[in-house]
2 protein chains.
Amino acid sequence: MATNRTETWLRKLKENGYRLTASRKAVMEVITSSQFVLSPLQVYELARKRYQKLGLVTVYRTIDKLVELNLIQRVHQPSGCQGFVPASMGHQHLLICTECGIVSYFSGENESINPLVKNVENSSGYSIKSHWFQLFGICSDCQIPQKTDSTI
Amino acid sequence: MATNRTETWLRKLKENGYRLTASRKAVMEVITSSQFVLSPLQVYELARKRYQKLGLVTVYRTIDKLVELNLIQRVHQPSGCQGFVPASMGHQHLLICTECGIVSYFSGENESINPLVKNVENSSGYSIKSHWFQLFGICSDCQIPQKTDSTI
DNA sequence: TTTTATGCAAAGTATTTGCACGGGA
DNA sequence: TCCCGTGCAAATACTTTGCATAAAA
């Protein structure tokens, strides 16, 4: 079942002259509907449940396109950076649970980050183009000892 | 020539029961004396100028040890995360020039980041364990059009 | 002398490319 | 029909492991 987000994505693909194929649909639906960081291999395994003939290579190629269209983003973590999540709308930052891997977004530009960036810009002489800000922690569900595992 | 930092590193290696070898010295001196993010392969190439017999495998193994001893840290960038720089003392953040790759450090905890982290912690219910904050921009040297390239 | 560290070769992973076929538009 | 997209196989990184030798302590 395609979510609203998938619809949007499919439209955006079309707008950019890409074809709508079963493979792409399967890959998009998997990433769209996941709250967790997924590696290409995980995407492949999950998407094959929706479209048996899918190949891993196509997953890589589709991921490239989705990144290019700014529909998904690569997530960097201490454990590696081969994971992807849907791109947040506007500029948002990631909050990642190191227990279950669930990802949420937050923003905090004006109040805190922008002034700091300005400070650094002034004192360093750099022209600052972008920033990364990510938080790692334990989500409320994972703080309850009994419930540590998760499904995608 | 060994810098002061290299001396410190060699001492720390010794303290932790590791042997001081020509290979390790070469690797450490290269990373210590570079202002730039270096990949294992780059470290290998540079360190071989100091110690011809060095093997790439030893570079990987030495990097592991240096990370473990908290003497170097992995740097995450949009282009990938196989680079390393000396670990900053205390908790600092990275400012990376996307033109020449030079890395510098800044701090900005109390004034801005801590309150934001607290906010997110309260509103999300997460127990936040760590954060990443990195800035990307163009350093003052690279802002002068004539001088864009760099050497390591 | 003892034991760690090294370098080489080989084995794993992860990702990309070449190419003929299949399926969207 | 036309041509993009696909899957397979192979190629290419990148990194780790096994093992006999070299070298630090």
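FYI, side chains are in, hydrogens and waters are out, and symmetry mates aren't considered; it's all heavy atoms of this structure. Note that the structure is predicted; figures quoted are calculated from it, not measured. Chain letters run A, B, ... following the sequence lines, proteins first and then strands; every chain starts at 1.
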Tabulate below the donor-acceptor pairs under 3.5 Å that side-chain atoms of residues 101-108 of chain A make, not counting sequence neighbours, or state none.
{"residue": "A:Ser104", "atom": "OG", "partner": "B:Tyr126", "partner atom": "OH", "Å": "3.4"}
{"residue": "A:Tyr105", "atom": "OH", "partner": "A:Pro86", "partner atom": "O", "Å": "2.6"}

Provide, to the nearest angstrom, the distance between the [atom1] atom belonging to [X] and the [atom2] atom belonging to [N].
X       : N      : atom1 : atom2 : result
A:Gln52 : D:dT6  : CD    : P     : 16 Å
A:Arg24 : C:dG23 : CZ    : P     : 15 Å
A:Glu15 : C:dA25 : CD    : C1'   : 17 Å
A:Ile63 : D:dG5  : CD1   : P     : 17 Å
A:Leu13 : C:dG24 : CG    : C1'   : 13 Å

At a cut-off of 3.5 Å, list every protein nitrogen or oxygen paired with a nitrogen or oxygen from nucleotides 21-25 of chain D, distance to 0.1 Å.
{"residue": "D:dA23", "atom": "OP1", "partner": "B:Lys53", "partner atom": "NZ", "Å": "3.3"}
{"residue": "D:dA24", "atom": "N3", "partner": "B:Arg19", "partner atom": "NH1", "Å": "2.9"}
{"residue": "D:dA25", "atom": "OP1", "partner": "B:Leu20", "partner atom": "N", "Å": "3.2"}

Would you indicate, yes or no, if D:dG7 has its OP1 or OP2 atom less than 4.0 angstrom from a side-chain nitrogen or oxygen of A:Ser23? yes
Sequence neighbours excluded, which residues qualify as side chain to side chain contact (heavy atoms under 4.5 Å, CB included) partners of [X]?
X        : value
B:Lys65  : B:Tyr18, B:Arg24
B:Asn119 : none
B:Lys12  : B:Glu15, B:Asn16, B:Leu71
A:Leu41  : A:Ser39, A:Tyr44, A:Glu45, A:Leu56

For residues 80-91 of chain A, which residue pairs pass the side-chain hydrogen bond (donor to acceptor under 3.5 Å, both in side chains) check, not counting sequence neighbours? A:His91-A:His131
Could you write nucleotides 10-21 of chain C as a row of B, S and -, 5' to 3', where a protein heavy atom under 4.0 Å of any base atom gives B, of only sugar-phosphate atoms gives S, and otherwise -? ----SSBBB---
Suppose the criterion is salt bridge (Lys or Arg N to Asp or Glu O under 4.0 Å): which pairs have a residue in residues 116-134 of chain A, not counting sequence neighbours? A:Lys118-A:Glu121
Going by disulfide (SG to SG under 2.5 Å), name the residues that satisfy it together with A:Cys139, two or more places apart in sequence or in a different chain. none
Pairing residues for A:Tyr51 by the ring-ring contact (aromatic ring centres under 6.0 Å, His included) criterion, not counting sequence neighbours: none
Please round to the nearest 0.5 Å and tell me the distance separating atom CZ of A:Phe133 and atom CD1 of B:Ile113. 5.0 Å
So how far off straight is the helix from C:dT1-D:dA25 to C:dA25-D:dT1, going by the axes through five pairs at either end, to 10°? 40°
Check: B:His76 ring centroid to B:Trp132 ring centroid under 6.0 Å: yes
